[in-house]
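Nothing here was measured: the structure is a model prediction, and the numbers come from that model.
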Amino acid sequence: MWMQPKRLISAILMLLVGYFLINATMTSTATLESSVVDGPAPLVLFAEGVQTRQFNRDGQLTETIAGVRLEQREGASTTTLTKPKIEFYSDQATTWSVSAEIGSYDNVETFQLSQQVLAKKPGSDSVAINTESLTVDTRSGIVSTKDPVTMTSQHGKLDAVGMTFDTHSEFVQFHANVQTQYEVNNE
C-alpha cells in the first residue's frame with residue numbers, strides 16, 4: 001500500500017495515540033523496570049520496506065521516499081529511516097536521486113540525511129554530488145549542506161564547502177572554498 005507523506009504521518013500519529021491510550025489504562029512493573037535500565041528508549045513505531053509516493057494536483061508523480069527500516073523511539077521527536085532514498089520526478093522521469101545511510105525527520109517536509117550522502121542525476125552526462133550530511137526539503141526540492149561537497153561528472157570535478165541546490169531548476173550555489181578541475185574533450 002502506497003501512502004502519501006501526510007497520510008503516513010497521520011497513520012503514525014494514530015498508532016502513537018493508540019499506543020499511549022493502551023499503556024495509560026494498564027499498569028505494568030515491566031514499564032517501570034525498563035525505564036530504570038540504561039539504554040535506548042523502547043521502540044514506539046517501526047516499519048520495514050517503507051516507500052511513499054507523492055503526486056501533484058494533476059496526478060503526476062513528483063517524488064518517492066523509500067527506506068529499509070523506519071523507527072521512532074519513545075520520547076523522541078524525530079523518526080529515523082535507515083538507508084533512505086528520495087527521488088524527484090519531472091514529466092514522469094527521475095530528475096535527481098538522493099540516498100544516504102541514515103535519514104531522520106521531524107515533520108513531513110524536511111529530511112536530514114547523513115553518512116555517505118549521494119545525490120545523482122541519471123542520464124548520459126551523469127552528475128554525482130557526495131557529502132556527509134544534507135538537508136532535503138521535499139516540498140520545495142531544495143537540498144543544502146554546510147559540509148564539504150564533491151561534485152563529479154564525466155567532464156570534471158568540483159570541491160567546495162557548503163552548497164544549496166534546487167533539484168527542479170537545477171540551480172546550484174556553492175558557498176566557499178570552491179576548487180574545480182575541468183577536462184576539455186578535443187574530439
Query - Main-chain N/O of Ser144 paired to Thr164 side chain as donor or acceptor, under 3.5 Å - result: no
Query raised in the report: Hey, does the side chain of Thr180 reach the backbone of Lys157 with a donor-acceptor pair shorter than 3.5 angstrom?
Result: yes
Query raised in the report: If only atom types and distance count, is the side chain of Asp166 paired as donor or acceptor with the main-chain N or O of Glu170 below 3.5 Å?
Result: no
**Report entry** Salt-bridge present (Glu101, Lys83; N to O < 4.0 Å)
**Finding:** yes
Query - Flag side-chain contact, heavy atom, 4.5 Å: Thr110 against Thr135 - result: yes
Requested in this report: Hey, can you tell me if Phe165 and Trp96 have their rings parallel, tilted or perpendicular (30° and 60° cut-offs)?
Outcome: perpendicular
Query raised in the report: Between Ser133 and Asp147, does a side-chain hydrogen bond (donor to acceptor under 3.5 Å, both in side chains) hold up when you go through it step by step?
Result: CA-CA 7 Å; Ser133 73; Asp147 289 336; 2.5 Å; yes
Query raised in the report: With side chains defined as the heavy atoms from C-beta onward, is the minimum distance between Val149 and Ile129 less than 4.5 Å?
Result: yes
Requested in this report: Determine whether Leu113 and Val127 fall in the same hydrophobic cluster, where Ile, Leu, Val, Met, Phe, Trp and Tyr are linked whenever their side-chain heavy atoms lie under 4.5 Å apart.
Outcome: yes
Requested in this report: Take Asp159 and Thr150 through the side-chain hydrogen bond (donor to acceptor under 3.5 Å, both in side chains) test and state the conclusion after the steps.
Outcome: CA-CA 5 Å; Asp159 292 308; Thr150 299; 2.8 Å; yes
Requested in this report: Look at the side chain of Asp58 and the backbone N and O of Gln60, then say whether any donor-acceptor pair between them is shorter than 3.5 Å.
Outcome: no
Query raised in the report: Shared ILVMFWY cluster between Phe46 and Val68, side chains joined below 4.5 angstrom?
Result: no
